[in-house]
Amino acid sequence: GFLLWLNELENTAADLQGSGEGPETIRVMTYHRSKGLEFPVVVCHQLSASVKDNPWGVAMQSERPLPDLNDILGGRWIRFWVNPYGDQWKKTALEAALKQTDLWQQIRQQLREEEGRLLYVGLTRARDYLVLPTDARGDTWISRVLFQDAEGTLLNHSSNELPVEWQGRSLSCETAVFYEPGTLPDPIPPAETQVYYFDLPPGKDSEPPPQLWIDPAVEFPPDPFLGWADPEPFASSLTFKGDYSPAWSRAVQAFLTADDPELTSEERYDLAISILQTWGALDSIALAALLQHADAFSRWLCPGRKHRLAAAFPLEGLVGRRRVRVEVEVFWEEEQQVTALFFADYADEMKKEKERLKLLAPKVAWALHLLKRSQPKPVVCWVVFALEGQAVRAR
């Protein structure tokens, strides 16, 4: 979208800013355009790009290994191959026949060599720092050049070592992992400003009043949030049949919250069936496994408890002239401490743990802030991954 906007400025002669040449200028260009240039910091883009191996279009062919200066055009001809299938030529009889020819292998090798040369240009533009950003698809471009057909084997998100040597030494890098949500959150609309056609009467405040309510899903409290401890298991992961559905997480969370130690075995059994039926999870989650899961959760959270947990516990308070309200999903008070608990969605066997925690961090921070202001006892706050049987404590 940004590039399209720049093109529109150029096409309408509305681009009034000249090219920056200062030391802080950021240059965005193709790999080809960067030839011969050098920069203190270089960020190489599209490292997960797939190989382009097709023979379509115009190509120059030569019958001689070396050009003849007396007959410079001799033995050279232009080949033009028309693709009759457009973008849907994959998995056709034509593709199968082409891949059996020597010409196909020759073109593929030429493209691989050109790919290596282009990557070399990008990597050698850096003077001080070289940044190689990748995503879940890995660094397929680098790996194709270095390891031929291997893909995604150079950069390891859990290691700072590279399987590459230079002058007899193994190269190293500094690896950083960033977790972002699959979909961007809705943008916060800008605050509306009032337009006055005349001067304000004396004594009137021209500044708009601050927003009355704080959004605890976006804004953090004034005291710093220190982060998270390591995950603590309270049970083994709860297995389910079929593809995961968010309703199954809601079903398990609902039963862990509603489970009451005063219920008889029959009443507890009926409660579990009712909740699983309500959320459409009766055929996907084994009833006996859910009861054992809830037993382990109860022993971990508050062993020996005689009363049910307080669900949907509201917290509200003032921060300056603004008000904030947070609902703790489970609240439990003991003689020694007060415990607040939030449930996290299924994290794919904790592979998406940091992503889930990042979304809940503002609410957890506000819960800690409000409880510490109102409770004389120590406050403990947990985020529970119900299906995985693990909990993470907020520090």
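Each residue takes its place number in the sequence, starting with 1.
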Visitor: For K351, is there any backbone N or O sitting under 3.5 Å from a side-chain donor or acceptor partner on D348?
Guide: no

Visitor: Working to the nearest 0.5 angstrom, can you tell me the gap between L132 CG and C44 SG?
Guide: 6.0 Å

Visitor: Can you establish whether the number of heavy atoms outside I26 located under 6.0 Å from its atom CD1 is more than 12?
Guide: no

Visitor: According to side-chain hydrogen bond (donor to acceptor under 3.5 Å, both in side chains), who are the partners of T134, at least two apart in sequence or on a separate chain?
Guide: none

Visitor: Give the table of side-chain donor-acceptor pairs shorter than 3.5 Å for residues 33-40, with sequence neighbours excluded, one pair per line with atom names and distance.
Guide:
| unit_1 | atom_1 | unit_2 | atom_2 | d |
| --- | --- | --- | --- | --- |
| S34 | OG | Y31 | O | 2.7 |

Visitor: State, yes or no, whether a side-chain contact exists between L47 and T140 at a heavy-atom distance under 4.5 Å.
Guide: no

Visitor: Under 4.5 Å between side-chain heavy atoms, chaining through other members, with only Ile, Leu, Val, Met, Phe, Trp and Tyr counted: pull out the rest of the cluster around I78, sorted by chain and number.
Guide: V58, F80, V82

Visitor: Answer with yes or no whether the hydrophobic clustering places V145 together with V121; edges join I, L, V, M, F, W, Y residues whose side-chain heavy atoms lie under 4.5 Å apart.
Guide: no

Visitor: Please state whether the rings of H369 and W366 are parallel, tilted or perpendicular, taking 30° and 60° as the class boundaries.
Guide: perpendicular

Visitor: Any carboxylate oxygen within less than 4.0 angstrom of a Lys/Arg side-chain nitrogen, looking at D283 and K241?
Guide: no

Visitor: Look at the side chain of D259 and the backbone N and O of F255, then say whether any donor-acceptor pair between them is shorter than 3.5 Å.
Guide: no

Visitor: Would W382 and W300 count as a close aromatic pair, with their ring centres under 6.0 Å?
Guide: yes

Visitor: Mind telling me whether F343 and F297 have parallel, tilted or perpendicular rings, with 30° and 60° as the class edges?
Guide: tilted

Visitor: Only counting residues at least two apart or in another chain, list the ones meeting side-chain hydrogen bond (donor to acceptor under 3.5 Å, both in side chains) with R395.
Guide: none

Visitor: Does NZ or CZ of R79 lie under 6.0 Å from the centre of the six-membered ring of W81, at an angle within 45° of the ring axis?
Guide: yes

Visitor: Among Ile, Leu, Val, Met, Phe, Trp and Tyr joined by side-chain contacts under 4.5 Å, find the other residues sharing a cluster with Y129 and list them by chain and number.
Guide: V41, V43, V131

Visitor: Please name all residues satisfying side-chain hydrogen bond (donor to acceptor under 3.5 Å, both in side chains) with K377, sequence neighbours left out, ordered by chain then number.
Guide: E333

Visitor: Please determine if R117 and E114 form a salt bridge, counting it only when a charged side-chain N lies under 4.0 Å from a carboxylate O.
Guide: yes

Visitor: Distance check, rounded to the nearest 0.5 Å: T278 atom OG1 versus R250 atom CZ?
Guide: 14.5 Å

Visitor: For W56, give me all partners under ring-ring contact (aromatic ring centres under 6.0 Å, His included), at least two apart in sequence or on another chain.
Guide: W89

Visitor: Just to verify, what does Y346 make a ring-ring contact (aromatic ring centres under 6.0 Å, His included) with, not counting sequence neighbours?
Guide: F240, Y244

Visitor: Apply side chain to side chain contact (heavy atoms under 4.5 Å, CB included) to the pair V326 and F313, showing each step before the final yes or no.
Guide: CA-CA 8 Å; V326 179; F313 189 81; over 6 Å; no

Visitor: Do other residues, nucleotides or ligands put more than 12 heavy atoms under 6.0 Å from the CD atom of E232?
Guide: yes

Visitor: Give a yes or no on whether the backbone of Y120 and the side-chain of T124 come within a donor-acceptor separation of less than 3.5 Å.
Guide: yes

Visitor: In the structure I gave you, are the side-chain heavy atoms of F342 and V328 within less than 4.5 Å of one another anywhere?
Guide: yes

Visitor: For R127, which residues count as a side-chain hydrogen bond (donor to acceptor under 3.5 Å, both in side chains) partner, sequence neighbours excluded?
Guide: none

Visitor: Once side chain to side chain donor-acceptor pair (under 3.5 Å) is applied, what residue pairs with a partner in residues 60-75 remain, sequence neighbours excluded?
Guide: R64-D71

Visitor: Looking at K91, is its backbone amide N or carbonyl O close enough to the side chain of E95 to form a donor-acceptor pair, meaning the two atoms are under 3.5 Å apart?
Guide: yes

Visitor: Looking at CD of E115 and CZ of R108, how far apart are the two atoms once the value is rounded to the nearest 0.5 Å?
Guide: 9.5 Å

Visitor: With rounding to the nearest 0.5 angstrom, report the CG to OG distance, L315 to S374.
Guide: 6.5 Å

Visitor: To the nearest 0.5 angstrom, please state how far the CD atom of Q277 sits from the CD1 atom of I275.
Guide: 11.0 Å

Visitor: Decide yes or no for R393 and C381: does some side-chain heavy atom of the first lie under 4.5 Å from some side-chain heavy atom of the second?
Guide: no

Visitor: Looking only at heavy atoms, which two atoms of L256 and A294 are closest? And how far apart?
Guide: CD2-CA, 3.5 Å

Visitor: In the hydrophobic cluster built from side-chain contacts under 4.5 Å, what are the other members alongside L3?
Guide: F2, W5, L6, L9

Visitor: With no hydrogens and no angle check, just 3.5 Å: does a side-chain donor-acceptor pair link E113 and Q109?
Guide: yes

Visitor: Side-chain contact, heavy-atom cut-off 4.5 Å: Q110 with Q105?
Guide: no

Visitor: For the backbone of Q253 and the side chain of T257, can you confirm whether one donor and one acceptor N or O come within less than 3.5 Å of each other?
Guide: yes

Visitor: Could you check whether any side-chain N or O of E267 sits under 3.5 Å from a backbone N or O of T264, counting only pairs where one atom can act as donor and the other as acceptor?
Guide: yes

Visitor: Quick check for you: to the nearest 0.5 Å, what is the distance between L103 atom CG and Q106 atom CD?
Guide: 5.5 Å

Visitor: With sequence neighbours excluded, what pairs up with S245 under the side chain to side chain contact (heavy atoms under 4.5 Å, CB included) test?
Guide: A247, W248

Visitor: Using salt bridge (Lys or Arg N to Asp or Glu O under 4.0 Å), reason through D345 and R356 one step at a time and then give a plain yes or no.
Guide: CA-CA 7 Å; D345 290 335; R356 301 290 186 258; 5.2 Å; no

Visitor: Mind running side chain to side chain contact (heavy atoms under 4.5 Å, CB included) on E316 and V324 for me, showing each step along the way?
Guide: CA-CA 6 Å; E316 188 172 325; V324 63; over 6 Å; no

Visitor: Might you point out which heavy atoms bring A365 and F220 nearest each other, and give the distance in Å?
Guide: CB-CD2, 3.9 Å

Visitor: May I ask you to decide whether K363 forms a salt bridge with D215, counting only side-chain N to carboxylate O separations under 4.0 Å?
Guide: no

Visitor: Do any N or O atoms from the side chain of Q337 and from the backbone of V380 form a donor-acceptor pair under 3.5 angstrom?
Guide: no

Visitor: Are E165 and R169 ion-paired here, with the side-chain N under 4.0 Å from a carboxylate O?
Guide: no

Visitor: Before giving the answer on side chain to side chain donor-acceptor pair (under 3.5 Å), spell out for S237 and E349 the whole-Å C-alpha distance, their side-chain angles and the decisive distance to 0.1 Å.
Guide: CA-CA 8 Å; S237 181; E349 299 296 338; 3.2 Å; yes

